Amino acid sequence: MDKIDKILDSYATNNLFKDKSIVQANYVPEAILHRAEQVEAIASILAPALRGEKVSNLFLYGGTGSGKTLSVQHVGERLTEKMKQIGEDNLKFIYINCKLKKVADTEYRIIAQLIKSLKGNIPFTGLPLNAVYSKFMEMIDDKKQVIILVLDEIDQAVKKINDSFIYTLTRMNSELKNAQISLIGISNSLTFMENIDPRVKSSLGEEELLFPHYNALQLQDILRQRAENAFKEGVLDEGVIAKCAAYAARGYGDARRALDLLRVAGELAEREGAKKIELKHIDTANQKIEKDKMLDVIEGQSIQFQQVLYAIMNLEKKGRGSIFTGDVYNAYQEICNKTKNEILTQRRVGDIIAEFDMLGVINARVISKGRQGRTREIKLNLNSEIKEKAKEILEKALDLRV
DNA sequence: GTCAATTCACATGAAAGAGACCACGGTCTAGTG
DNA sequence: CTAGACCGTGGTCTCTTTCATGTGAATTGACGA
């Protein structure tokens with residue numbers, strides 16, 4: 001009961017945050033630091049839209065947390081604001097994140113989402129694709145207007161669907177009488193443009209813009225800017241910001257990561273009842289973020305995925321050096337027998353292993369063992385603490401007693 | 001010893017099926033005037 | 001006569017299977033020094 005008291009007390013009396021939302025990733029600050037060049041470039045490319053002219057398609061690329069989305073949204077907001085000032089209403093700025101599961105990760109859903117954001121009504125499923133397309137065209141073509149369509153994480157969409165839908169979108173312009181569509185593609189992958197249809201490439205890439213990684217100093221500026229309003233005065237210990245920035249810069253100059261770090265460190269300090277955020281909180285925050293992310297991923301997987309992972313974990317515990325696809329499949333089959341679940345084909349299990357690799361739960365490398373064939377060499381990518389937790393989660397989910 | 005052919009154990013791709021979900025339009029049923 | 005229930009059809013989406021093809025180096029076996 002003392003513990004509860006302590007927790008409640010620390011919340012009641014000792015709130016370190018002034019406004020936590022500011023250090024959350026989706027907050028859009030009014031000034032974007034160290035991206036002036038890019039923001040100006042975007043603005044000058046999109047500006048003709050104010051006169052109702054079609055603007056060039058634009059392609060933005062750069063690593064995660066390099067400010068792409070933020071910059072575009074910022075310019076978009078300013079643009080629509082300006083539009084209102086002039087008193088016109090022939091510009092629509094639509095932002096869609098193609099990676100959102102169950103929302104906009106298929107061709108149908110992307111278009112449906114478009115219609116929705118135009119206040120249209122469209123069922124989640126059930127209509128033929130071209131019906132959705134024509135509904136969309138109908139909706140926007142009723143008057144002269146410019147539609148600026150931002151497709152975030154467009155590489156994910158193209159990978160899942162194919163690149164023809166971008167082509168369809170760009171070609172719509174020739175069928176529209178009044179409206180004009182312009183695309184802004186945003187991609188995390190630098191190599192995305194290399195392996196897509198050249199027609200798409202040339203139309204989407206009319207203008208290209210690279211967002212470089214932030215370095216540690218720039219990250220510090222960004223963190224300071226946000227921390228000023230997010231935290232109460234004097235709660236940040238000396239060097240906290242510098243350390244957050246350094247951590248994040250060590251990775252990929254990811255600003256989102258840096259902010260998460262700062263926020264979680266704050267939450268931890270608060271929970272602890274500390275009056276200040278100290279350096280040690282950042283270390284724990286770093287571990288916690290890593291751990292939570294992994295466990296979330298593991299917990300969120302379907303039964304079959306969990307069984308495969310459980311098989312890998314068992315094999316790893318037994319030791320004996322490397323784990324190969326064949327071993328995993330055998331162990332997996334045994335587990336299926338125990339849990340009375342259907343056994344998937346090796347083909348499918350191979351894909352599941354590849355997906356775990358993508359998620360970063362395991363490291364899988366394709367190697368050739370000569371006459372012993374080709375296979376994946378699999379290593380678990382979890383530290384012992386996470387492993388323990390993960391095991392618990394899996395055993396619970398699979399209803400296994402060991 | 002050297003070299004090309006062979007071979008293994010999967011990887012990787014493409015296509016297609018099953019089953020869930022859903023909209024639409026037509027038909028049936030019950031309730032109303 | 002009409003509103004709502006109910007059905008069949010046709011569409012998407014996800015997960016999976018089936019079939020086909022690809023692949024990199026250890027191994028093998030022929031060959032020549």
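Below, chains carry the letters A, B, ... as their sequence lines are ordered, and counting in each starts from 1. Predicted model only: the values in this text are computed from it and were never measured.
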Chemist: On the nucleotide B:dA11, are OP1 or OP2 found under 4.0 Å from the side-chain N or O atoms that A:Arg376 carries?
Modeler: yes
Chemist: Any salt bridge linking A:Arg347 with A:Asp351? Criterion: basic side-chain nitrogen under 4.0 Å from a carboxylate oxygen.
Modeler: yes
Chemist: Round to a whole Å and report the spacing from CG of A:Asn130 to C1' of B:dA23.
Modeler: 15 Å
Chemist: Give a yes or no on whether a salt bridge exists between A:Glu392 and A:Lys396, defined as a side-chain N under 4.0 angstrom from a carboxylate O.
Modeler: no
Chemist: Mind calculating the distance between CZ (A:Phe324) and P (B:dA11) to the nearest angstrom?
Modeler: 12 Å
Chemist: Please list, in 5' to 3' order, the outermost nucleotides of DNA chain C lying under 4.0 Å from any heavy atom of chain A.
Modeler: C:dG10 to C:dT28
Chemist: Using heavy atoms to find the nearest nucleotide of DNA chain B for A:Gly373 and A:Ile353 separately, return the residue whose nucleotide is more 5′.
Modeler: A:Gly373
Chemist: Taking CG from A:Asn330 and C1' from B:dA9, how many angstroms apart are they, rounded to a whole number?
Modeler: 12 Å
Chemist: Toward the 5' end of DNA chain B, which comes first, A:Arg347 or A:Gly326, by nearest nucleotide?
Modeler: A:Gly326
Chemist: Report the residue from A:Leu344, A:Asp357, A:Leu309 that forms a side chain to side chain contact (heavy atoms under 4.5 Å, CB included) with A:Ile352.
Modeler: A:Leu344
Chemist: Write down the distance between CD (A:Glu355) and P (B:dA11), rounded to a whole number of angstrom.
Modeler: 14 Å
Chemist: Starting at CZ of A:Arg365 and ending at P of B:dA11, how long is that distance when rounded to a whole Å?
Modeler: 14 Å
Chemist: Is it true that A:Arg51 and A:Glu53 make a salt bridge, defined as a side-chain N closer than 4.0 Å to a carboxylate O?
Modeler: yes
Chemist: Measure the distance from CZ on A:Arg374 to P on B:dT6 and round it to the nearest whole Å.
Modeler: 20 Å
Chemist: What is the nucleic acid contact for A:Asp327, judged by heavy atoms within less than 4.0 Å: base, sugar-phosphate only, or nothing?
Modeler: nothing
Chemist: More 5' along DNA chain C: A:Leu129 or A:Gln304, using each one's nearest nucleotide?
Modeler: A:Leu129
Chemist: Could you check how far CD1 of A:Ile367 sits from P of B:dC8, rounded to whole Å?
Modeler: 18 Å
Chemist: Name the nucleic acid region contacted by A:Ile303, choosing base, sugar-phosphate or nothing; use a 4.0 angstrom heavy-atom cut-off, strictly under.
Modeler: nothing
Chemist: Can A:Gln145 and A:Ile140 be said to form a side-chain contact (heavy atoms from CB on, under 4.5 Å), step by step?
Modeler: CA-CA 8 Å; A:Gln145 61 179 340; A:Ile140 59 173; 3.9 Å; yes
Chemist: Using 4.0 Å as the upper bound for N to carboxylate O, is an ion pair formed by A:Glu290 and A:Arg257?
Modeler: yes
Chemist: Could you check whether A:Phe211 and A:Tyr61 have their ring centres less than 6.0 Å apart?
Modeler: no
Chemist: Rounded to whole angstrom units, what separation is found between the CD1 atom of A:Ile378 and the C1' atom of B:dA11?
Modeler: 12 Å
